[in-house]
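Worksheet: one structure, shown below.
Quick caveat, the model's predicted, so the values are computed rather than measured. The figures here come from the full heavy-atom set of this structure, side chains too, leaving out hydrogens, waters and symmetry mates.
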Amino acid sequence: MQITLTDVRVDGRREPMLEPMDLAWSAGECVLVAGEPGHGHTALALVATGRFDPSAGEVRLLPASTPSRRNGRTTRGAAATLRDVTAVVDVPGISEPDDALTVSDVVAEGLALAGRRSLPSDGTRWLADHSLTADRARRLDQVPGVVRTALLAALAAEDPDVRFLVLTLPDRHGGEPSGWWEVAQSLAAAGYGVLVQCTRASARDLGVDLPPARGASIHEPPVVVLRTRPTPIAPPAEPGDIPGFGAAPDHNPGFDAAADRQDDPEEGR
């Protein structure tokens, strides 16, 4: 399964929200894009997941449809399917939770959005499974950045239809970039396609040889600076096996590995 953006552009009222760019990423792959805040991160996250229509260019999901695993959800058109199989994690002003919420509140809300039962007992069980019981009463803004990213990503992955995750600017919450990059790598190893957006400084901290930004436009789009395909792993048997959060989602991303290789032209190169 793969998402491809071809010459995609997003216009704003007075100036571009995202300059033209190409991007492709597949299930089981972790892609890092770097750009300064204001250089189209939010627009890219939304347009790549079918939550915003591009002003020009094309966004494609291959295959174009997939059976839904969520109770009560029927297979719909290509655009709706793209939204169903993707999740945007902590996008500023869009999907970021209120910092005043407690971890317990965030978990309850996240389970409900993922179509899971979200009774108090369900939240308590989820927190215990993910080694977060001691943090349940903490405000979200008191949680270390890497834990926040891992928490929100794990909740997004609770939706059984989700195959792709977009983590937007996790570096804005502080901490070492290696922490949230390890979380992203672990999710990719579990079979998800993961797109991580960060600043150029954070990309350099991860060892990317990235020259200073140049160009006439202050809206230069984010650029792909790192692409990995971690070795696939089986779902961990014990909490704590995946860095950053206690346990892997309790479901497999749900696509056949052989079929995925056929759909992915990058596989095997």
Please name the pair of heavy atoms, one in S118 and one in A108, separated by the smallest distance, quoted to 0.1 Å. CB-O, 3.4 Å
Applying ring-ring contact (aromatic ring centres under 6.0 Å, His included), which residue pairs with at least one partner in residues 78-104 are found, sequence neighbours left out? none
Show, in sequence, the C-alpha distance, side-chain angles and deciding distance for L44 and L5, and conclude whether the side-chain contact (heavy atoms from CB on, under 4.5 Å) test is met. CA-CA 10 Å; L44 173 58; L5 282 68; 3.8 Å; yes
Which residues pass the side-chain hydrogen bond (donor to acceptor under 3.5 Å, both in side chains) test with D11, not counting sequence neighbours? R9
Does atom CD (E176) have a neighbourhood of more than 12 heavy atoms from anything else shown, all under 6.0 Å? no
Student check: side-chain heavy atoms of R172 and E96 closer than 4.5 Å: yes
Minimum-distance pair of heavy atoms, taken over all atoms of A184 and V196: CB-CG2, 3.6 Å
Min side-chain heavy-atom separation I3-L195 under 4.5 Å: no
Without swapping roles, check the side chain of R138 against the backbone of S104 for a donor-acceptor pair under 3.5 Å. no
State yes or no: do L111 and L119 share one hydrophobic cluster built from I, L, V, M, F, W and Y residues joined by side-chain heavy-atom distances below 4.5 Å, directly or via other members? no
Cut-off 3.5 Å, no hydrogens considered: what does the side-chain donor-acceptor table look like for residues 148-155, sequence neighbours left out?
| from | atom 1 | to | atom 2 | distance (Å) |
| --- | --- | --- | --- | --- |
| R148 | NE | D90 | OD2 | 3.0 |
| R148 | NE | H173 | NE2 | 3.0 |
| R148 | NH1 | D99 | OD1 | 2.9 |
| R148 | NH2 | D90 | OD1 | 2.9 |
| T149 | OG1 | G145 | O | 3.2 |

Minimum heavy-atom separation for V33 to H41, with atom names? O-CE1, 4.4 Å
Only counting residues at least two apart or in another chain, list the ones meeting side-chain hydrogen bond (donor to acceptor under 3.5 Å, both in side chains) with S178. none
How close do W180 and S202 get, heavy atom to heavy atom, and via which atoms? CZ2-CB, 4.0 Å
I'd like to check T199 versus E36 (side-chain heavy atoms, cut-off strictly below 4.5 Å). Are they in contact? yes
Membership question, hydrophobic clusters at under 4.5 Å side-chain separation (ILVMFWY): are L32 and L169 in the same one? no
What is the distance from atom CG of D98 to atom CG of L101, rounded to the nearest 0.5 Å? 5.0 Å
Find out whether F164 and T49 are in side-chain contact, i.e. whether some heavy atom of one side chain is under 4.5 Å from a heavy atom of the other. no
Please confirm whether the backbone N or O of M1 pairs with a side-chain atom of R163, one donor and one acceptor, at under 3.5 Å? no
Roughly how far apart are D171 CG and R200 CZ, rounded to 0.5 Å? 13.0 Å
From R204 CZ over to L210 CG, what is the distance, rounded to the nearest 0.5 angstrom? 5.0 Å
Could you give the distance from CZ (R51) to CG (L46), rounded to the nearest 0.5 Å? 8.0 Å
I'd like to know if V8 and V31 are part of one continuous hydrophobic network [Ile/Leu/Val/Met/Phe/Trp/Tyr, side-chain heavy atoms within less than 4.5 Å]. yes
Quick check on the hydrophobic clustering: are L187 and L226 connected, directly or via other members, by side-chain heavy-atom contacts under 4.5 Å? yes
Under the side-chain contact (heavy atoms from CB on, under 4.5 Å) test, which residues partner T124, sequence neighbours left out? R136
Results of ring pair (Phe, Tyr, Trp, His ring centres under 6.0 Å) for W126 - residues two or more places apart only: H130
When you check the side-chain N and O atoms of T168 and Q197, is any donor under 3.5 Å from an acceptor? yes
Just wondering, do C30 and W181 contact through their side chains at under 4.5 Å, heavy atoms? yes
Please check if the side chain of D159 supplies one atom and the backbone of A156 the other of a donor-acceptor pair under 3.5 Å. no
Does some side-chain heavy atom of M17 sit less than 4.5 Å from a side-chain heavy atom of S55? no
Which atom names give the shortest non-hydrogen contact between P92 and T42, and what distance separates them? O-OG1, 4.2 Å
Any side-chain heavy atom of T86 within less than 4.5 Å of one from V166? no
Nearest 0.5 angstrom please: D205 CG to C198 SG, how far? 9.0 Å
Residue pair P221 / L18: nearest heavy atoms and the distance that separates them: CB-CD1, 4.0 Å
Looking at R60, I want to see if its CZ is surrounded by more than 12 non-hydrogen atoms of other residues, nucleotides or ligands under 6.0 Å. no
To the nearest 0.5 Å, tell me how far D22 CG sits from D7 CG. 6.0 Å
Ignoring hydrogens and geometry, is there a side-chain-to-backbone donor-acceptor pair from S26 to E29 under 3.5 Å? no
